[in-house]
Amino acid sequence: MEYRRLHPWDITPAKARRLQERLRSQLIFANPSPRVRSVAGADAAYDGGKSYGAVVVFSYPELEILEQSLAVREDSFPYIPGLLSFREGPVLLDCFSALGSEPDLLIFDGQGVAHPRGFGLASHLGLLLDRPAIGCAKHRLCGRAGEPGKARGSWTPLLDPEGRASGCALRTRDNVRPVFISPGHKITLEQCRKIILAACAGFRLPEPLRRAHGAASAAADGKAKAVEARSAYSPRKRSSNC
DNA sequence: GCGACAG
DNA sequence: ATCTTGTCGC
């Protein structure tokens, strides 16, 4: 699928923050998509100075794999809290570009609007791909949330310093740590909770993210092991001695 | 200055 | 994210 080239990626952290503040006004938090028939999960893994991305598309609500794509590229931006999309965005967009279909909804391993400038990974890529997007993180970046009830489905609002609910802490499995959900683009928090719960097939994380994570890390250490094996079987050169 | 801090 | 073994529990 195509995506909008709204800005360059090789910019400084200061300019990246300015860009987030400029683009956040373009986000939409309404019009929950009528009929969601496919959901994609995207994640990245790292190894040896390279980023490995994976996107796995599932049918919804059946949750059967429809398609998936992988991508690799050189790291070009470090991990800086609040600027995750500048590190993972490029390789994930490579994955979406290689996709043959256009998923109805996207799920990212990170925040949506529950972000210091209201423009987390899910908001950023949702905007560029012009698709409803949900941020589903394992930890919160900012804001505060009470402890949800112990049962699957219970949740508490994730409140920003002003007391506004930017997302929620959602229990996706009985007695298991909650995940932090927040709308990225073109979706409401209510719809996010519904979709995420329906996409969790017995695990803490939604299936699309679990599979994307597995594919990305497999690609990452798969290449690492291939390199190790190669050096073991065909020594670059024999060191004279010490 | 101090504490927080997605992946 | 990544470095890492066993171990408690359904």
Side-chain angles (χ1 to χ4, degrees), chain A residues 9 13 16-17 20 24 27 41-55 71-95 106-127 133-145 150-152 158-162 166-185 189 192 196 200-206 208-225 227-228:
Chain A
W9 292 94
R17 296 188 182 90
Q20 295 179 316
R24 66 177 173 186
L27 296 177
D43 192 26
Y46 303 86
D47 184 77
K50 290 183 177 179
S51 299
Y52 297 79
V55 168
V72 185
R73 70 151 61 199
E74 212 71 31
D75 283 334
S76 58
F77 202 92
Y79 167 67
I80 297 175
L83 298 181
L84 178 64
S85 62
F86 289 88
R87 176 168 176 67
E88 304 201 337
V91 76
L92 293 185
L93 287 174
D94 285 343
C95 292
L106 316 175
I107 301 178
F108 294 92
D109 190 346
Q111 317 294 334
V113 292
H115 175 280
R117 289 167 292 285
F119 201 72
L121 176 66
S123 296
H124 197 157
L125 296 193
L127 179 65
I134 299 174
C136 179
K138 296 181 291 300
H139 304 281
R140 67 182 182 72
L141 206 209
C142 58
R144 232 29 199 176
K150 296 300 183 182
R152 164 190 161 84
L158 176 57
L159 307 172
D160 63 26
E162 292 69 46
S166 56
C168 70
L170 174 66
R171 191 86 66 183
T172 54
R173 279 195 66 182
D174 291 353
N175 297 72
V176 167
R177 290 180 307 157
V179 291
F180 295 82
I181 306 300
S182 63
H185 182 49
L189 177 57
C192 286
I196 293 299
C200 288
F203 295 89
R204 178 162 86 120
L205 299 179
L209 278 189
R210 287 189 68 234
R211 299 305 299 265
H213 185 286
S217 36
D221 65 64
K223 171 154 286 187
K225 288 177 180 175
V227 173
E228 289 176 32

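Not measured: the values here are computed from a predicted model. Quick note on labels: first sequence line is chain A, next is B, and so on, each numbered from 1.
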Distance in angstrom units between A:F203 CZ and C:dC10 P, rounded | 16 Å
Distance check: side-chain N/O of A:R140 vs OP1/OP2 of B:dC5, anything under 4.0 Å?
-> yes
A:S166 side-chain N/O to A:A114 backbone N/O, donor-acceptor pair under 3.5 Å | no
Roughly how many Å is it from CZ in A:R204 to C1' in B:dA6, rounded to a whole number?
-> 12 Å
Rounded to whole angstrom units, what separation is found between the CG atom of A:L83 and the P atom of B:dC5?
-> 16 Å
Would you find a donor on one side and an acceptor on the other, under 3.5 Å apart, between the side chain of A:R173 and the backbone of A:R152?
-> no
Would a 4.5 Å heavy-atom cut-off, applied to side chains only, mark A:L121 and A:L125 as touching?
-> yes
Aro-ring/base stack A:Y46-C:dA1, d under 5.5 Å, angle under 30° = no
Return the value, rounded to whole Å, for the distance between atom NZ of A:K50 and atom C1' of C:dT2.
-> 18 Å
Can you tell me the distance, in whole Å, between the CG atom of A:L170 and the C1' atom of B:dA6?
-> 17 Å
Non-hydrogen atoms of A:S85 and A:H124 that approach each other most closely = OG-ND1, 2.8 Å
Tell me what A:G135 touches on the nucleic acid: a base, only sugar-phosphate, or nothing, going by heavy atoms under 4.0 Å.
-> nothing
At under 4.0 Å between heavy atoms, what does A:Q111 touch on the DNA or RNA strands: base, sugar-phosphate, or nothing?
-> base
Smallest separation among heavy atoms of A:R87 and A:Y46, with atom names = NH2-CD2, 3.2 Å
So what stems show up for DNA chain B if we need 3 or more Watson-Crick or G-U pairs in a row, all under 3.5 Å?
-> none
Sequence neighbours excluded, the answer for side-chain hydrogen bond (donor to acceptor under 3.5 Å, both in side chains) partners of A:S51 is A:D75
Under-4.0 Å side-chain N/O to phosphate OP1/OP2 contact, A:H213 with C:dA1 | yes
Pick base, sugar-phosphate or nothing for A:A114, based on heavy-atom distances below 4.0 Å to the nucleic acid.
-> nothing
Whole angstrom value for the distance that separates P of B:dA6 from CZ of A:R17 | 14 Å
May I ask you to verify if any side-chain N or O of A:K138 is less than 4.0 angstrom from the OP1 or OP2 atom of B:dA6?
-> no
Taking CG from A:D47 and P from B:dG7, how many angstroms apart are they, rounded to a whole number?
-> 19 Å
Crowded around A:R171 CZ? As in, over 12 foreign heavy atoms under 6.0 Å?
-> yes
A:R152 atom CZ is separated from C:dC10 atom P, nearest whole Å, by 19 Å
